[in-house]
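Below: one structure in structure tokens.
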Amino acid sequence: MTHSRPEQRPRTVAEGFVALPPFFHKEIHMLHIKRAILVVISGVLLGAGLTAGAGAGDAAPQQLPRWSNLFTDDFGTFGDHAGCHGALRVGLTGVPHKRGVVRATFTSLGFTGNGAGWRRDPNCRMRVGVAFTGSGGYAVYKLFPASFGRKPGQRVVHDVRTGSGLVVLSAATYQLKSRLPVPQSYGINYYVIVP
């Protein structure tokens with residue numbers, strides 16, 4: 001004599017969704033625990049990043065906490081004559097006693113050019129600048145003229161009022177003589193936490 005089991009059918013929508021096997025409940029529970037641990041760790045790291053360097057007497061300005069699309073602070077660009085080209089390093093620091101202001105520093109890693117035009121005038125000119133969206137404005141461009149020569153270490157420094165909080169900031173170079181901000185480099189995009 002054979003015993004037949006009653007046929008199990010999935011529940012209908014009116015009765016509720018199909019029941020998950022018991023081992024899925026344990027997996028879902030573990031995912032919730034892992035997510036909670038990740039949120040706590042992220043909060044601790046973010047808090048540590050915001051308070052790092054808060055002590056008085058630091059010799060060098062503390063770089064602002066940020067995340068970059070290129071995972072570097074360097075980018076290549078070109079200039080206005082003789083095929084001049086080179087690389088710039090971007091630094092973003094807070095300004096002491098000024099909330100919502102970012103000090104953008106563009107440091108040359110050295111420029112070069114081609115031919116007699118470069119030998120006559122070994123300066124590569126462009127506009128450097130930042131475009132940002134944050135509490136201080138939406139899609140705001142701040143551009144500044146710059147000239148870099150062969151020697152690495154030349155700097156252009158400007159303070160930009162972005163507003164406090166999370167800021168999406170792009171640092172790049174632009175054509176020198178254009179009325180509109182026409183890019184000359186890909187630049188770097190950042191998510192920056194501004195005090």
* For residues Leu169 and Thr162, determine if any side-chain heavy atom of one lies less than 4.5 Å from a side-chain heavy atom of the other. =>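 Of all side-chain heavy-atom pairs linking Thr162 with Leu169, at least one is under 4.5 Å.
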Below 3.5 Å, can you tabulate the donor-acceptor pairs from side chains in residues 182-189 to any protein atom, sequence neighbours excluded?
{"from": "Gln184", "atom 1": "NE2", "to": "Phe78", "atom 2": "O", "distance (Å)": "2.6"}
{"from": "Ser185", "atom 1": "OG", "to": "Thr173", "atom 2": "N", "distance (Å)": "3.1"}
{"from": "Ser185", "atom 1": "OG", "to": "Thr173", "atom 2": "OG1", "distance (Å)": "3.1"}
{"from": "Asn189", "atom 1": "OD1", "to": "Ser170", "atom 2": "OG", "distance (Å)": "3.1"}

* To do: Check for a donor-acceptor pair, side chain of Gln62 on one end and backbone N or O of Thr93 on the other, with a separation under 3.5 Å.
  =>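 Such a contact is absent between Gln62 side chain and Thr93 backbone.
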* Asked: Do Leu166 and Ser135 come close enough that some side-chain heavy atom pair is under 4.5 Å?
  ->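 Not touching, per the 4.5 Å side-chain cut-off.
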* Quick one: do Val90 and Val194 end up in the same hydrophobic cluster if we chain Ile, Leu, Val, Met, Phe, Trp and Tyr together by side-chain heavy atoms under 4.5 Å apart? ->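 They do share one cluster, since a chain of ILVMFWY contacts under 4.5 Å joins Val90 to Val194.
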What pairs of donor and acceptor atoms, side-chain ones from residues 101-109 against any protein atom, are under 3.5 angstrom apart with sequence neighbours left out?
{"from": "Arg103", "atom 1": "NE", "to": "Asp159", "atom 2": "OD1", "distance (Å)": "2.7"}
{"from": "Arg103", "atom 1": "NH2", "to": "Asp159", "atom 2": "OD2", "distance (Å)": "3.1"}
{"from": "Ser108", "atom 1": "OG", "to": "Gly110", "atom 2": "N", "distance (Å)": "2.9"}

* To do: Would you check if Leu92 and Tyr190 make a side-chain contact, meaning some heavy-atom pair closer than 4.5 Å?
  =>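 Yes, at least one pair of side-chain atoms sits under 4.5 Å.
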* Residue pairs involving residues 165-195 (criterion disulfide (SG to SG under 2.5 Å); sequence neighbours excluded) ->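 As it turns out, there is no disulfide (SG to SG under 2.5 Å) pair with a partner in residues 165-195 once direct neighbours are skipped.
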* Report the residues that fulfil salt bridge (Lys or Arg N to Asp or Glu O under 4.0 Å) with Arg150, sequence neighbours left out, ordered by chain and then residue number. =>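 Scan of Arg150 (salt bridge (Lys or Arg N to Asp or Glu O under 4.0 Å), adjacent residues dropped) gives none.
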* Pairwise side-chain contact, Arg66 with Asp73, heavy-atom cut-off 4.5 Å (strictly under) ->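 Side chain of Arg66 against side chain of Asp73, heavy atoms only: contact under 4.5 Å found.
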* So which pairs with a foot in residues 114-195 pass disulfide (SG to SG under 2.5 Å), sequence neighbours left out? ->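 Residue pairs with at least one partner in residues 114-195: Cys84-Cys124.
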* **Close side-chain approach of Pro65 and Val192, heavy atoms under 4.5 Å** =>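 Counting from C-beta outward, Pro65 and Val192 never come under 4.5 Å.
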* Does Asp74 pair with Arg89 as a salt bridge, N-O distance under 4.0 Å? ->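 Yes, this pair counts.
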* So, do Val160 and Phe132 sit near enough that their side-chain heavy atoms are less than 4.5 Å apart? ->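 In short, these two side chains touch, coming nearer than 4.5 Å.
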* Do the side chains of Ile193 and Phe71 join up, straight or via other hydrophobic residues, at under 4.5 Å, putting them in one cluster? ->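 Per the 4.5 Å side-chain linkage, Ile193 and Phe71 are co-clustered.
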* Keeping to residues at least two apart or across chains, list the ring-ring contact (aromatic ring centres under 6.0 Å, His included) pairs with something in residues 148-176. =>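 The answer is Phe111-Phe148, Phe144-His158.
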* pair Tyr141-Val130: side-chain heavy atoms closer than 4.5 Å ->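 They are not in side-chain contact.
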* Asked: Does Arg127 use its side chain to pair, donor to acceptor, with the backbone of Gln175 at less than 3.5 Å?
  ->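 Yes: the side chain of Arg127 pairs with the backbone of Gln175.
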* Minimum side-chain heavy-atom gap Met126-Pro145 below 4.5 Å ->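 No, every pair of side-chain atoms sits at 4.5 Å or beyond.
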